[in-house]
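I have placed the structure first, in the form of structure tokens, so that the comments after it can refer back to it.
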Amino acid sequence: MRRTIFDLDVLRTFSTGMELGNFAKAAERLGRSTSAVSAQLKKLEEQAGTPIFRKAGRGLTLTDAGETMLGYARRLLELNDEAAAAVHSVELEGWVRLGLQEDFGETLLPEVLGRFARAHPKVRIEARVVRNAELLERVTSGKLDLALAWSDGTLTAHCETIGEVPMRWIGPAEGPGWHAASGEPMPLASLEAPCLLRSAATRALDEAGISWRLAFVSPSLGGLWAATAAGLGLTIRTPIGLPAKVRPLEPDAVGLPELPKLGLVLHRAEAEPQPAAARLAALVLQSVHGAVREAS
């Protein structure tokens, strides 16, 4: 049986097109013509030996085989890029200071730092998990090289919007929790003020005319998850980094208003970061784009 060897350039076009939601945009980003991209996608289906796409209205959607192919494509490209960085930057040295929100501390941070450390063992990383206001203060004052933060509309000198993530009402994984039909004020569990998501929750409740009470306040996300899981109150976060003991709620099912999306931004202390910081930023962006896709 002839062994199939997938073309990484083709896989990158496929992955980029799915990430952007448009293969014309992928062609522009990758510096290729739309006809060249079409030829690559045809080649991918030929290599796979099965349809990757199917028509959906005026556009295309993935078949089951296409969904499987996309997962493997991303993994193959990650490994390829990690290998290239390790080979080409074996002497990369220095010190990088990274700051990020708690939501990413247990999910993105170990994965990104593990990949970076394997490829660049001589680089020292200092990671700080803090709230939004402190992240922005530290990156603007030069105490952090990179900061991954939720967007409150503040733009630093060198920042890049990664995408938008839906905010969700979160309740305990088990048990009914609160329902609007109970007639009781909604018990809100929240982080200490100032908190972007706390403000979004109270604003949405006030605009919907739903009474609420502050049932639990925590200085940390771990405490907030514990209180929510115990049924002390409902909270508001994004789907990123949710522990198994809590779950997103469907607003209509419990009588709560729909929530807006929340922007995610990577802030840099310098326009042209040092090589070690630039490489770490690339890995953070790669991982966060995947988290944003899954959350959306």
Side-chain angles (χ1 to χ4, degrees), residues 1-30 32 34 36-57 59-87 100 103-119 148 162-166 168 237-244 246-248 261 264 266 279-296:
M1 180 177 175
R2 185 170 175 269
R3 179 176 297 176
T4 301
I5 300 177
F6 289 105
D7 186 320
L8 286 174
D9 280 339
V10 172
L11 294 181
R12 194 173 299 280
T13 297
F14 174 49
S15 178
T16 303
M18 297 309 300
E19 175 187 322
L20 298 176
N22 187 307
F23 283 102
K25 291 180 181 178
E28 183 178 346
R29 174 178 288 188
L30 298 171
R32 294 191 175 94
T34 52
V37 166
S38 295
Q40 285 189 313
L41 298 179
K42 182 179 179 182
K43 178 180 180 181
L44 180 60
E45 289 197 318
E46 290 173 351
Q47 288 185 319
T50 186
I52 297 295
F53 303 98
R54 63 168 176 264
K55 288 210 174 278
L60 295 173
T61 189
L62 293 177
T63 61
D64 289 344
E67 291 283 0
T68 301
M69 187 73 254
L70 182 59
Y72 278 106
R74 288 170 176 159
R75 288 168 58 189
L76 287 167
L77 290 168
E78 278 185 12
L79 187 59
N80 174 81
D81 294 347
E82 184 177 321
V87 170
L100 66 166
D103 305 73
F104 300 93
E106 294 183 7
T107 52
L108 177 137
L109 189 59
E111 186 260 341
V112 167
L113 296 190
R115 289 177 60 194
F116 188 88
R118 289 193 298 272
L148 183 64
I162 298 170
E164 292 187 320
V165 185
R168 300 291 301 273
R237 297 307 291 177
T238 75
I240 294 175
L242 292 186
V246 299
R247 64 185 173 93
K261 291 188 175 183
L264 185 61
L266 181 65
R279 176 57 189 155
L280 182 58
L283 285 181
V284 168
L285 286 171
Q286 190 178 67
S287 292
V288 172
H289 275 304
V292 170
R293 280 195 304 267
E294 292 177 10
S296 301

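Starting from 1, each residue takes its place in the sequence as its number. Predicted, not measured: the structure shown is a model, and the values here were computed from it.
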Checklist entry - Side chains of Ile240 and Phe104: does their closest heavy-atom pair fall under 4.5 Å? => result yes
Next on the checklist: Going by the rule salt bridge (Lys or Arg N to Asp or Glu O under 4.0 Å), which residues pair with Lys43 if we only count those two or more places apart in sequence or in a different chain?
Outcome noted: Asp7
Checklist entry - Could you give the distance from CG (Leu62) to CD (Glu67), rounded to the nearest 0.5 Å? => result 4.5 Å
Checklist entry - Side chain of Thr238, backbone of Val165: donor and acceptor closer than 3.5 Å? => result no
Checklist entry - Quick one: are Lys25 and Glu19 in side-chain contact, heavy atoms under 4.5 Å? => result no
Checklist entry - Going through the distances and angles, do Leu100 and Leu109 end up as a side chain to side chain contact (heavy atoms under 4.5 Å, CB included)? => result CA-CA 9 Å; Leu100 66 166; Leu109 189 59; 4.1 Å; yes
Would you list the atom pairs, donor with acceptor, under 3.5 Å between side chains in residues 9-16 and any protein atom, with sequence neighbours excluded?
from  : atom 1 : to    : atom 2 : distance (Å)
Arg12 : NH1    : Asp81 : OD2    : 3.4
Arg12 : NH2    : Asp81 : OD1    : 2.8
Thr13 : OG1    : Asp9  : O      : 3.2
Thr13 : OG1    : Arg32 : NH1    : 3.3
Thr13 : OG1    : Gln40 : OE1    : 2.5
Thr16 : OG1    : Arg12 : O      : 2.7

Checklist outcome for this item: side-chain contact (heavy atoms from CB on, under 4.5 Å) filter on Thr61, not counting sequence neighbours, yields Arg54, Ala56
Next on the checklist: Are the side chains of Val288 and Val112 in contact, using a 4.5 Å heavy-atom criterion?
Outcome noted: no
Checklist entry - What residues form a salt bridge (Lys or Arg N to Asp or Glu O under 4.0 Å) with Arg75, not counting sequence neighbours? => result none
Checklist entry - How would you list, by chain and number, every residue that makes a side-chain contact (heavy atoms from CB on, under 4.5 Å) with Glu78, sequence neighbours excluded? => result Glu111, Arg115, Gln286
Item to check | side chain to side chain contact (heavy atoms under 4.5 Å, CB included) between Arg237 and Arg168, worked out | outcome: CA-CA 6 Å; Arg237 297 307 291 177; Arg168 300 291 301 273; over 6 Å; no
Checklist entry - Looking at Pro166 and Pro239, what are the two nearest heavy atoms and their distance? => result O-CD, 3.2 Å
Next on the checklist: Just so I know, are the side chains of Leu266 and Leu285 near enough to count as touching, which here means a heavy-atom distance under 4.5 Å?
Outcome noted: yes
Item to check | With sequence neighbours excluded, residues passing salt bridge (Lys or Arg N to Asp or Glu O under 4.0 Å) with Arg74 | outcome: none
Checklist entry - So which heavy atom on Pro248 is nearest to which on Leu242, and how close? => result CG-CD1, 3.6 Å
Item to check | Rounded distance (nearest 0.5 Å) linking atom CD of Gln47 with atom CD1 of Ile52 | outcome: 10.0 Å
Checklist entry - Under 4.5 Å between any side-chain heavy atoms of Thr34 and Phe23, yes or no? => result no
Checklist entry - Which atom pair, heavy atoms only, marks the closest approach of Val284 to Leu108? => result O-CD1, 4.2 Å
Item to check | Qualifying residues under side-chain contact (heavy atoms from CB on, under 4.5 Å), relative to Thr50, sequence neighbours excluded | outcome: Ala48, Ala65
Checklist entry - What pairs with Glu45 under salt bridge (Lys or Arg N to Asp or Glu O under 4.0 Å), at least two apart in sequence or on another chain? => result none
